[in-house]
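A short worksheet on the structure shown next.
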Amino acid sequence: MSEINKEEISAFAAQLVAEKISSGKDNGELRAEIEAKINEKVAYETERNQIMRKLQLEELEILRYFDSFCRENNLRYYIVGGSLIGAVRHKGFIPWDDDIDVSMPREDFDKLLKIAGEKLSPDYFLQNQKTEKGCYFYYAKLRKNGTYFGEDKFEHLPLHKGIFIDIFPLDFVPSSNALQKIFFKIFSCLGGFICSKEKTTEFLYKNMSLPFIVSFRLLQCILPRCLLMGLRNLTGKFAKLISNKKYMASLSGFHGYPKEVCPSELWGDGVDIEFENTVVRAPSQYEKLLTHMFGNYMELPPEEERVNHNVETDKIIFEGVTADEYKPKIKRKRSHRYFSTDYVVYPID
């Protein structure tokens, strides 16, 4: 895990000094108060780094199990995104990263869903639309039972909230750039409707026309959740139907079109790669794939772009969590303000 950010601590100290100087306290009292605040800040950052490293190791344990499960059942998978960059650039986690992402060709993804109920260890839960009624996302999560990762966007939903790795299906898409773009737009729009109904995302309307905003609100209200999810699933199937299988895409991937679209040959059967002293699978031509998605992936991004889930440490629990603790803790009511989306939150007693 990354060390304490000295620049951040220095900025905090400078701001603290500026605030305290105007208080009129004598130098000795002022110095003691500033030192106490800085020590408190350093202690907090140290504890957070320790917890985040422990989280990484917990996710690594899940990945190791997933890797062995896939090898035993002849399933293809690849680490992707920041996890793949971490493997190539750091031989493990990107220091500030707090999740692991993998992708699977649709054929292997569907097989995983089919056999998981029978073969998966009772220590884990494969979360997807088929195994959990409240699950709305297109991909899957392999969660560890008895743990907790309290992402704010899920706190109001009746979902398993264990520590996890994400599993994204790779679907065949047409070779035409125009058709690829259309499929991503349709998929994104359906995802926007679903997430808005579930109150799990801040769907913003910046630079959108009033007719679009009104139409979106109207359709969101009248289109049922099951229809939207069914249409989203059909979008992936139709993309495959009219494809020539030369291109694959993660339709639910974070980076969208065109970064998530790559020639199928770049994925291939996969190759072994080192990740945290563990051998896992990577795309066959991972260097070309990373260059396509991220450009110069060996260069560290600027400080402001080093982001993660930013979950509070008291919402990360590593053992002893019961199923009752996954129940919703809050209710959300979506406001209907234009150009931004706020949540009104009600605690559940």
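Treat the numbers as computed from the prediction; the structure is a model and nothing was measured. Sequential numbering from 1 along the given sequence is applied to the chain's residues. Only heavy atoms go into these numbers, but all of them, side chains included; no hydrogens, no water, no symmetry mates.
Shown here are the salt bridge (charged side-chain N to carboxylate O under 4.0 Å, His left out) partners of Lys327, two or more places apart in sequence or in another chain: Asp324. For Lys144, the salt bridge (charged side-chain N to carboxylate O under 4.0 Å, His left out) partners at least two apart in sequence or on another chain are Glu58, Glu61. Partners of Ile186 according to the side-chain contact (heavy atoms from CB on, under 4.5 Å) rule, which considers only residues two or more places apart in sequence or in another chain, are Ile182, Leu190, Thr235. Contacts of Lys141 classified as salt bridge (charged side-chain N to carboxylate O under 4.0 Å, His left out), with partners at least two apart in sequence or in another chain: Asp166. Among residues two or more places apart in sequence or in another chain, the salt bridge (charged side-chain N to carboxylate O under 4.0 Å, His left out) test is passed with Arg232 by none. Judged as a side-chain hydrogen bond (donor to acceptor under 3.5 Å, both in side chains), and not counting sequence neighbours, Ser215 has no contacts.
Clustering of Ile, Leu, Val, Met, Phe, Trp and Tyr side chains at separations under 4.5 Å places Tyr326 together with Tyr148, Ile317, Val321.
Applying the salt bridge (charged side-chain N to carboxylate O under 4.0 Å, His left out) test to every pair with at least one member in residues 236-245, sequence neighbours left out, gives no pairs at all. Here salt bridge (charged side-chain N to carboxylate O under 4.0 Å, His left out) pairs that include residues 69-78, with residues two or more places apart or in two chains, are Asp67-Arg71, Arg71-Asp272, Arg76-Glu107, Arg76-Asp108. Pairs of residues two or more places apart, or lying in two chains, never qualify as salt bridge (charged side-chain N to carboxylate O under 4.0 Å, His left out) while including a residue from residues 251-265.
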When the side chains of residues 168-176 are checked against the rest of the protein, which donor-acceptor pairs come out under 3.5 Å, sequence neighbours left out?
unit_1 : atom_1 : unit_2 : atom_2 : d
Asp171 : OD1    : Arg106 : NE     : 2.8
Asp171 : OD1    : Arg106 : NH2    : 3.3
Asp171 : OD2    : Arg106 : NH2    : 3.3
Asp171 : OD2    : Tyr138 : OH     : 3.0
Ser175 : OG     : Asn244 : OD1    : 2.9
Ser175 : OG     : Asn244 : ND2    : 2.9
Ser176 : OG     : Ala178 : N      : 3.3
Ser176 : OG     : Leu179 : N      : 3.3

Please tabulate, for the side chains in residues 249-256, all donor-acceptor contacts under 3.5 angstrom to protein atoms that are two or more places apart in sequence or on a different chain.
unit_1 : atom_1 : unit_2 : atom_2 : d
Ser250 : OG     : Gly253 : N      : 3.3

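Tested against Phe275, the residues Phe93, Phe66, Tyr78 include a single ring-ring contact (aromatic ring centres under 6.0 Å, His included) partner, Phe93. With His160 as the fixed residue, the ring-ring contact (aromatic ring centres under 6.0 Å, His included) test singles out one of Phe154, Tyr124, Phe125: Phe125. Each of Phe187, Phe183, Phe184 was evaluated against Tyr257; a single residue qualifies, Phe184, per the side chain to side chain contact (heavy atoms under 4.5 Å, CB included) test.
Looking at heavy atoms from C-beta onward, Lys181 lies in side-chain contact with Lys185 at the 4.5 angstrom threshold.
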